[in-house]
Enquirer: 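Dropping the structure in here first, questions after.
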Protein chains: 2
Amino acid sequence: MDTRELSYFVAAAEELHFGRAAQRLGITQPPLSRAIGRLERRLGVALLHRTSRRVTLTDAGAVLLAEARPILAALAAAERHTRRAGTSGPGLVLATKAGASGELLAKLLDAYAAEPGAVPVDLALCESQPQRLLHDGRADVALLHQPFDPVAGLDTEILHTEGQVAIVPSGHPVAVRAELRTADVSDLPDLPLARWPGPDGAYPDGPGAEVRNQTQLFQLIALGRTAVIMPESSGAGLPEGLTAVPIVDAPAVTTVIAWPPHSRSRALALLVRVATRF
Amino acid sequence: MDTRELSYFVAAAEELHFGRAAQRLGITQPPLSRAIGRLERRLGVALLHRTSRRVTLTDAGAVLLAEARPILAALAAAERHTRRAGTSGPGLVLATKAGASGELLAKLLDAYAAEPGAVPVDLALCESQPQRLLHDGRADVALLHQPFDPVAGLDTEILHTEGQVAIVPSGHPVAVRAELRTADVSDLPDLPLARWPGPDGAYPDGPGAEVRNQTQLFQLIALGRTAVIMPESSGAGLPEGLTAVPIVDAPAVTTVIAWPPHSRSRALALLVRVATRF
DNA sequence: CGGATCGATACCGCCCGGGTATCGTTGCCC
DNA sequence: GGGCAACGATACCCGGGCGGTATCGATCCG
């Protein structure tokens, strides 16, 4: 099966309309019709059931669509990884969530820079989903936080484990407590927990404020509109008006350094070695 | 990146010899040279370092090779799965290890056959690696035994959990014991544990007999040459001269029914539903 | 029943993949 | 050290397939 045929089929299967699919692919409709027809003939299976008015997926088409998408994604990732591995480029790109693991990151970068043979490290501080940068080749290595960030398909080393704290407005009654339990903060009607976007960019339902980054979040907390539970280290150096209170029964957060399997860079290996010395 | 180019590169990277690689691909050498050159130009990266006497992988080539192999395997699997999903075929093919889960299998097949809407079920009884049949599309569903069979990348439902027994010659001193511990049978100098082939078909080192199937194994045990630890149910209905003794500290064996993700067959869904009723 | 929408088909030009012939380089061996 | 053999690169040719335009045929709508 050819890559082109496969992406043609995915486009047609997603659009369920040959004209629009062809447009999306930057070709005209007839070659698309022929390509899909040829693919079906080669497989000996109908993939799309089509009348001149409606196009639907057959069972076989649904199977192929589900398998084709990750294959095409893996192909694109392989291409980017190969490009990065060949062009020595600007050194390493390290991805992590902005605001997370601040002290650990600073220590790591300092220690690495002091090593003989270190290369320049660029930072990719994203608002969410740092592991995506790894998968699509925009970064070489990432600091991820279990259980928040999925690490499936990556090689990892554990760097650090820490508890979590609630960050609340200093004026709120719970701010004076020495410690809290999860239930103490998840049930406050006047202070609903902030909601972060999921992997698809959509927000879960709930009463709390929708937030995308830490600045926004801290401002909303300072205004008494929301609260949040996050790792201890993210609560270091809080601005005025915010208080961190340990949550004793929250699951521990593990910071890991992660990289795509099959990486062969000496610079990356050195960075991982330095990181695991902590 | 084209599939053809990718498989050309894999062949060249594995053979490290353009002539042989071309022969393996069923083409001549010049188109292969051109294809690899074009791929390198498009990626902007050298994949193979070649003199007229020696071909070696570059770092980028090693990355691409490692990523390309699973991608090509996934492509081939997708093709087979799609073919199977389309051609309603002879019904379902169920794979499992010959001799394993005998009673459970019989019950499952009977119960399924009694359901309205059941289709004929063919059995693929293999000597090892039943999950391979699933991955390459030769089977639709399998009974696997954790922790022996890898279930990564499959959808599963747990059917049954059982302990393990040692199967020894009836005349041996340990045969009269009511129960054993793993250490009791793994250290017997006169009765070394049988060795099964690994995923690559090679046998691990050790003193025990090399076996491939249950008939062979039981014969060797009856002759006093080896012993084995296996799930209780596999020890049911032993031939004359063999005795099963429970191993109290062996890890439990879980029988699962497994199928490739994205399967959409009604017949398969029914089989799984029947299986999970036990 | 006429028109509009949409997928299939016919036909054409060009690019690209594969083939044969040959060149240039590099170890190797006498 | 020179001749030779092995091997990858290059030159050139041919045919198939991909993409384009034009058009057909079917189906739904008003």
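Just so it is clear: chains get the letters A, B, ... in the order the sequence lines come, proteins before strands, and each one is counted from 1. The figures that follow rest on heavy atoms only: side chains count, while hydrogens, waters and symmetry mates do not. Quick caveat: nothing in here was measured; it's all calculated off a predicted structure.
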Enquirer: Has B:Ser33 got a side-chain N or O lying under 4.0 Å from the OP1 or OP2 atom of D:dA9?
Expert: yes
Enquirer: Using whole Å, report how far CD of B:Gln29 lies from C1' of D:dA9.
Expert: 7 Å
Enquirer: How far apart are the closest heavy atoms of B:Leu6 and B:Ala68, and which atoms are they?
Expert: CG-CB, 3.8 Å
Enquirer: Hey, does the side chain of B:Thr58 reach the backbone of B:His49 with a donor-acceptor pair shorter than 3.5 angstrom?
Expert: no
Enquirer: Keeping A:Asp149 on the side-chain end and A:Leu144 on the backbone end, is there a donor-acceptor pair under 3.5 Å?
Expert: no
Enquirer: Are any side-chain N or O atoms of A:Arg83 and backbone N or O atoms of B:Leu43, one a donor and one an acceptor, separated by less than 3.5 Å?
Expert: yes
Enquirer: Specify the separation, in whole Å, of atom CG of B:Leu32 and atom P of D:dG8.
Expert: 9 Å
Enquirer: Can you list, by residue number, the residues of residues 13-25 of chain A that have a non-hydrogen atom closer than 4.0 angstrom to DNA chain D?
Expert: none
Enquirer: Between A:Pro261 and B:Glu67, what is the shortest heavy-atom contact and its length?
Expert: O-OE2, 4.5 Å
Enquirer: Does A:Arg38 reach a base, just sugar-phosphate, or nothing at all? Heavy atoms under 4.0 Å.
Expert: sugar-phosphate
Enquirer: Give one of base, sugar-phosphate or nothing for A:Arg4, where a contact means two heavy atoms less than 4.0 Å apart.
Expert: sugar-phosphate
Enquirer: Could you pick out which residue, A:Arg34 or B:Val55, lies toward the 5' side of DNA chain D when each is mapped onto its nearest nucleotide?
Expert: B:Val55
Enquirer: Provide the start and end nucleotides, 5' to 3', of the part of DNA chain C that has atoms under 4.0 Å from heavy atoms of chain A.
Expert: C:dT5 to C:dT9
Enquirer: Atom NE2 of B:His49 to atom P of D:dC7: distance rounded to whole Å?
Expert: 18 Å
Enquirer: Ignoring hydrogens, what is the shortest heavy-atom contact between A:Ala12 and A:Ile36? Give both atom names and the distance.
Expert: CB-CD1, 3.7 Å
Enquirer: Could you check B:Glu210, B:Arg195, B:Arg212 and say which one makes a side-chain hydrogen bond (donor to acceptor under 3.5 Å, both in side chains) with B:Tyr203?
Expert: B:Arg212
Enquirer: When you compare the side chains of A:Tyr8 and A:Arg38, does any donor N or O come within less than 3.5 Å of an acceptor on the partner?
Expert: no
Enquirer: A:Ile27 CD1 to D:dT21 P: how many Å, rounded?
Expert: 12 Å
Enquirer: Knowing that exactly one of B:Gln131, B:Arg132, B:His135 qualifies, which makes a side chain to side chain contact (heavy atoms under 4.5 Å, CB included) with B:Pro150?
Expert: B:Gln131
Enquirer: In whole Å, what is the span from the CG atom of A:Leu6 to the P atom of D:dC18?
Expert: 14 Å
Enquirer: Using the side-chain heavy atoms of B:Arg53, tell me which of these nucleotides is nearest: D:dG8, D:dA6, D:dC12.
Expert: D:dA6
Enquirer: Establish, with yes or no, whether the OP1 or OP2 oxygen of D:dT27 is under 4.0 angstrom from a side-chain nitrogen or oxygen of A:Thr51.
Expert: no
